[in-house]
Amino acid sequence: MVAVSFGGYAALFDRADRAGDVMRAGAFAGADCVPLLWQHRGAPVGRIDVLREDARGLRVEGVVEDCAIAALVRGRSLTGLSVGYRPVSVRQGGRRELLRVALAEVSLVAVPMQPLARIDRLG
């Protein structure tokens, strides 16, 4: 089988991303499973099986089914995760704080907006 299972954080709370935005705990409350994309584009390359907030951020677990992308993940040359969302509730101060978002997708990415949003487990 070419598929590979993985787990990791697609977003971390209370840490500024490369654009200066800060995701706050509770931002993803009520989010349902969303597609797993490659670089925020195209058709799904797998699936997300678990999507939950914990004290650190948005934890995801899923399976990469696309053969070429699964090989990159398995070889650990692709470890970045990212979220696609629409802001619902924002507090503007020194940084934009995302209090609530409508989650649209989770992506495997070469360079995540949050540097620590990474795959940390392979199955």
Side-chain angles (χ1 to χ4, degrees):
M1 187 81 169
V2 297
V4 62
S5 63
F6 72 93
Y9 284 91
L12 297 167
F13 298 138
D14 306 323
R15 293 185 176 265
D17 67 16
R18 295 178 199 274
D21 292 342
V22 178
M23 198 69 69
R24 296 297 186 201
F28 300 100
D32 290 325
C33 279
V34 294
L36 178 65
L37 303 182
W38 164 241
Q39 298 285 103
H40 300 290
R41 294 185 181 97
V45 296
R47 67 179 189 274
I48 299 293
D49 295 325
V50 175
L51 179 77
R52 73 177 190 286
E53 282 193 10
D54 64 18
R56 186 168 182 222
L58 182 65
R59 181 79 185 170
V60 297
E61 295 176 16
V63 177
V64 182
E65 296 166 339
D66 178 278
C67 180
I69 296 171
L72 293 172
V73 170
R74 190 177 297 105
R76 297 199 180 268
S77 58
L78 176 64
T79 62
L81 291 169
S82 186
V83 290
Y85 61 88
R86 181 180 51 80
V88 174
S89 178
V90 175
R91 181 170 46 222
Q92 192 67 50
R95 297 189 181 277
R96 184 171 82 149
E97 297 178 64
L98 299 157
L99 307 175
R100 176 78 63 163
V101 300
L103 185 64
E105 50 89 7
V106 170
S107 279
L108 296 159
V109 296
V111 180
M113 281 296 282
Q114 284 189 326
L116 297 176
R118 300 277 178 179
I119 292 171
D120 60 18
R121 181 195 59 77
L122 295 178

Pairwise side chain to side chain donor-acceptor pair (under 3.5 Å) hits with a residue in residues 30-39, at least two apart: none
Under a single-linkage definition using a 4.5 Å side-chain heavy-atom cutoff for Ile, Leu, Val, Met, Phe, Trp and Tyr, are V64 and L51 assigned to the same hydrophobic cluster? yes
Working to the nearest 0.5 Å, report the span between CG of L37 and CG of D66. 11.5 Å
Out of curiosity, R56 CZ to D14 CG, how far, rounded to the nearest 0.5 Å? 12.0 Å
What's the shortest heavy-atom distance between G84 and H40, and which atoms? N-CE1, 3.9 Å
Keeping Q114 on the side-chain end and L12 on the backbone end, is there a donor-acceptor pair under 3.5 Å? yes
Could you walk me through whether R59 and D120 pass the side chain to side chain contact (heavy atoms under 4.5 Å, CB included) test, one step at a time? CA-CA 10 Å; R59 181 79 185 170; D120 60 18; 2.7 Å; yes
Where do P35 and P44 come nearest, in terms of heavy atoms and distance? CB-CG, 4.1 Å
Quick check on the hydrophobic clustering: are I48 and L78 connected, directly or via other members, by side-chain heavy-atom contacts under 4.5 Å? yes
Does the side chain of Q92 come within less than 4.5 Å of E97's, by heavy atoms? no
For R74 and V2, indicate whether the former's side chain and the latter's backbone hold a donor-acceptor pair under 3.5 Å. yes
Does the distance from a Lys or Arg side-chain N to an Asp or Glu carboxylate O, for D49 and R47, drop under 4.0 Å? yes
Looking at L103 and V34, what are the two nearest heavy atoms and their distance? O-CG1, 3.7 Å
Would you call D21 and R15 a salt bridge, using N to O less than 4.0 angstrom? no
Please report the interatomic distance CE(M113) to CZ(R18), rounded to the nearest 0.5 Å. 8.0 Å
Taking atom OG of S107 and atom CG of L36, what is their separation to the nearest 0.5 Å? 7.0 Å
Closest non-hydrogen atom pair, A10 against A117: O-CB, 3.7 Å
Please evaluate residues F6 and V63 with respect to the criterion side chain to side chain contact (heavy atoms under 4.5 Å, CB included), reporting the C-alpha separation (whole Å), side-chain torsions for both, the decisive distance (0.1 Å), and the verdict. CA-CA 6 Å; F6 72 93; V63 177; 5.8 Å; no
Within a reach of under 6.0 Å around CZ of R41, are more than 12 heavy atoms found that belong to other residues, nucleotides or ligands? no
Sub-3.5 Å donor-acceptor pair from the side chain of R100 to the main-chain atoms of A29, do we have one? yes
Cluster check L122, V109: I/L/V/M/F/W/Y, side chain < 4.5 angstrom: no
Under the 3.5 angstrom rule, does the side chain of E53 hit a backbone N or O of F28 as a donor-acceptor pair? yes
Keeping the roles fixed (side chain from R118, backbone from P112), state whether a donor-acceptor pair exists under 3.5 Å. no
Given the rule that I, L, V, M, F, W and Y join up when any side-chain heavy atoms are under 4.5 Å apart, are V83 and V22 in one cluster? no
Report the distance from atom CG of L72 to atom CG of L108, rounding to the nearest 0.5 Å. 9.5 Å
Give a yes or no on whether F13 and L99 share a hydrophobic cluster (residues Ile, Leu, Val, Met, Phe, Trp, Tyr; joining criterion: side-chain heavy atoms under 4.5 Å apart). no
Check the pair D17, R95 against salt bridge (Lys or Arg N to Asp or Glu O under 4.0 Å), reporting the backbone distance first and the verdict last. CA-CA 10 Å; D17 67 16; R95 297 189 181 277; over 6 Å; no
Suppose we screen for side chain to side chain donor-acceptor pair (under 3.5 Å). Which residues come up paired with Y9, at least two apart in sequence or across chains? D54
